[in-house]
Protein chains: 2
Amino acid sequence: MPRTADHDQRRAQILGGLLRVAARDGLHAVTMRSVAAEAGVSLRLVQYYFTNKALLMRAALDRLDAESRARWADRLAALGPAPGPRARVGALLAEALPTDGPSRLFHLVWTSSAVLALTDPDLAAQAFTAGPARLERDLAAALTADRDHLAPGADPATEAARLLALAHGLGTGVLSGLRTPASAREVLDYHLDRLFPGLPAPATDAAPGDTEATHGAGTSAEAT
Amino acid sequence: MPRTADHDQRRAQILGGLLRVAARDGLHAVTMRSVAAEAGVSLRLVQYYFTNKALLMRAALDRLDAESRARWADRLAALGPAPGPRARVGALLAEALPTDGPSRLFHLVWTSSAVLALTDPDLAAQAFTAGPARLERDLAAALTADRDHLAPGADPATEAARLLALAHGLGTGVLSGLRTPASAREVLDYHLDRLFPGLPAPATDAAPGDTEATHGAGTSAEAT
DNA sequence: ACCCCCATGATACGCCTGTACCATAATGGT
DNA sequence: ACCATTATGGTACAGGCGTATCATGGGGGT
């Protein structure tokens, strides 16, 4: 095989361009040409490495999903061994808030795609509803396991639904600039205070990089 | 003036076409030509009555906003004189749930536009954040007035934020088919039960037309 | 009865989109 | 050393988009 290039690196470079365009100009501005220009490659290369636009978008969403899962795992690992129920639930939901650059990018692109999927049938094949549904089931199971720490009369399944709806609502509030990441976290802690009475909020729980919500936030871009 | 046509009716007809296209195929499928075809008029007429696409979209959003406010006012009026605090808050938030056809249409188009406005600067001039911000302030004020009915230790401002975030999260859950309108209403009632302890849910509060969530719901279409 | 102007039709223009096609340097296996 | 194959560039094509332009029928004010 002659002149063999690093396909993974090339693909990452192109996807980085895509995400930068999406973050800056919105998902509708993501075209083959704009991605190529932003990534510093020719249009032909985007075709070569991703065949067509649908596959390109799918790869981008897959990458975002993987990054998000990784951040979530990091957050859980950072809790140390045997974290309390509230800390675990808090870590889970903190990832649902677009607090820093990469997270904001993820939520922007993901939300845009989910909205498109509402009417686009083949995009809907993506896990836009399966993912959240599974998350809600898992959360309900976790709450059921910890039910003796919950407020009296609380129903784990409904509490799981309430938590996820709240987190999502807060997330879009932050995304639209209606709410700062800090205030969203406050509301979330307020909610957890009432869900887990007697369990205080962990001390320095806040992640770094909480800034005033601004448009056109930082890009994550590089490397897989 | 020769051959004078009813501009208002023509504009309503065209906007009806736009909303039908948006509901069926998504906001990205709304073009001058598709709207004209759906409304049964020529492309030129859409130009004639709305000048350009930006103004057309603005008119559509204005109409949706007006319709939504009207439904909200109806819901409040249907409560009869001197409604309890919980009934009033419930009526306010019920409108945030896409339960029937027109409401679903509104939320679909509104959410799509709001997501576009995240990166499109001149669309952002629309009241996508001003509206919700005012709503939250009003709700906070109402809760402050009714603070003696609230759960002990509740903070009205935070409760207002929590309510709206929850309602929005539930709304998008319904929109995406993740949740049925009925289950969203249940979660909302569950929340209100805890916010207003001792105040029961009003009897036949449910609006007509609660159906299983499906894609491509009914259109509202006609009349201003 | 005239005529101006509102309301509408048809069509053209330039741009951007995704995709397809043709060419060609460079290089690893033989 | 050759040659087939990978990786890349350039460009063409058909279609859809928003917008602009030209044409014209038909009914009210005078």
Side-chain angles (χ1 to χ4, degrees), chain A residues 1-22 24-61 112-113 116-117 119-123, chain B residues 1-22 24-61 112-113 116-117 119-123 125-126:
Chain A
M1 285 148 193
R3 192 151 70 116
T4 198
D6 187 341
H7 274 223
D8 286 343
Q9 185 237 321
R10 270 278 192 249
R11 287 171 65 94
Q13 172 188 1
I14 292 174
L15 288 183
L18 186 154
L19 295 179
R20 251 173 288 139
V21 170
R24 173 165 24 90
D25 305 327
L27 201 60
H28 60 276
V30 170
T31 74
M32 296 275 156
R33 286 170 174 83
S34 68
V35 168
E38 181 72 32
V41 300
S42 74
L43 167 62
R44 181 65 180 84
L45 272 208
V46 181
Q47 292 185 272
Y48 183 73
Y49 283 104
F50 293 96
T51 310
N52 57 34
K53 191 179 180 181
L55 289 178
L56 172 65
M57 287 304 305
R58 207 155 96 80
L61 290 176
S112 300
S113 303
L116 281 187
T119 49
D120 186 328
D122 45 337
L123 232 187
Chain B
M1 287 154 186
R3 193 149 72 113
T4 197
D6 187 341
H7 274 224
D8 286 343
Q9 184 237 320
R10 269 279 192 251
R11 287 170 65 94
Q13 173 188 0
I14 293 173
L15 288 183
L18 186 154
L19 295 179
R20 251 172 289 140
V21 170
R24 174 166 21 93
D25 305 326
L27 201 60
H28 61 276
V30 170
T31 74
M32 295 276 159
R33 286 170 172 84
S34 68
V35 168
E38 180 72 31
V41 300
S42 74
L43 167 62
R44 181 65 180 83
L45 274 207
V46 181
Q47 292 186 272
Y48 182 73
Y49 283 104
F50 294 96
T51 309
N52 57 34
K53 190 179 182 182
L55 290 178
L56 173 66
M57 288 303 305
R58 207 154 95 81
L61 290 176
S112 301
S113 304
L116 282 187
T119 49
D120 186 328
D122 45 337
L123 232 187
Q126 206 81 6

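These numbers come from a predicted model, not from an experiment. Throughout, protein chains are lettered first and strands after them, A, B, ... in sequence-line order, and every chain is numbered starting at 1. The figures that follow rest on heavy atoms only: side chains count, while hydrogens, waters and symmetry mates do not.
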Under-4.0 Å side-chain N/O to phosphate OP1/OP2 contact, [X] with [N]:
{"X": "B/Ser42", "N": "C/dG9", "value": "yes"}
{"X": "A/His7", "N": "D/dA7", "value": "yes"}
{"X": "A/Tyr48", "N": "D/dG9", "value": "no"}

By nearest atom, which of the nucleotides C/dA10, D/dT19, C/dA7 is closest to the B/Arg44 side chain? C/dA10
Choose from D/dG18, C/dG18, C/dG9 the nucleotide whose nearest atom is closest to any side-chain atom of B/Leu45. C/dG9
Using whole Å, report how far [atom1] of [X] lies from [atom2] of [N].
{"X": "A/His28", "N": "C/dT17", "atom1": "NE2", "atom2": "P", "value": "11 Å"}
{"X": "A/Lys53", "N": "C/dG18", "atom1": "NZ", "atom2": "P", "value": "4 Å"}
{"X": "A/Ile14", "N": "D/dA7", "atom1": "CD1", "atom2": "C1'", "value": "12 Å"}
{"X": "B/Gln13", "N": "C/dT8", "atom1": "CD", "atom2": "P", "value": "9 Å"}
{"X": "B/Asn52", "N": "D/dA20", "atom1": "CG", "atom2": "P", "value": "8 Å"}
{"X": "B/Asp25", "N": "D/dG16", "atom1": "CG", "atom2": "P", "value": "14 Å"}
{"X": "B/Leu43", "N": "D/dC17", "atom1": "CG", "atom2": "P", "value": "10 Å"}
{"X": "A/Leu27", "N": "C/dT17", "atom1": "CG", "atom2": "P", "value": "14 Å"}

What's A/Tyr49 touching, base or sugar-phosphate or nothing? Going by heavy atoms closer than 4.0 Å. sugar-phosphate
Could you tell me if the side chain of A/Leu18 sits less than 4.5 Å from the side chain of A/Met57, heavy atoms only? yes
Taking all non-hydrogen atoms of both residues, which atom of A/Ala39 and which atom of A/Ile14 are closest, and how far apart? CB-CA, 3.9 Å
Heavy atoms only: give me the nearest B/Met32-B/Val46 pair and the separation to one decimal. SD-CG1, 3.9 Å
Taking atom types as they are modelled, would you say the side chain of B/Arg33 forms a donor-acceptor pair with the base of D/dG18 within the 3.5 Å cutoff? yes
DNA chain C nearest-nucleotide lookup for A/Ala54 and B/Arg10: closer to the 5′ end is B/Arg10
Working to the nearest 0.5 angstrom, can you tell me the gap between A/Arg20 CZ and A/Leu15 CG? 10.5 Å
Donor-acceptor side-chain pairing of A/Gln47 and A/Arg44 below 3.5 angstrom: no
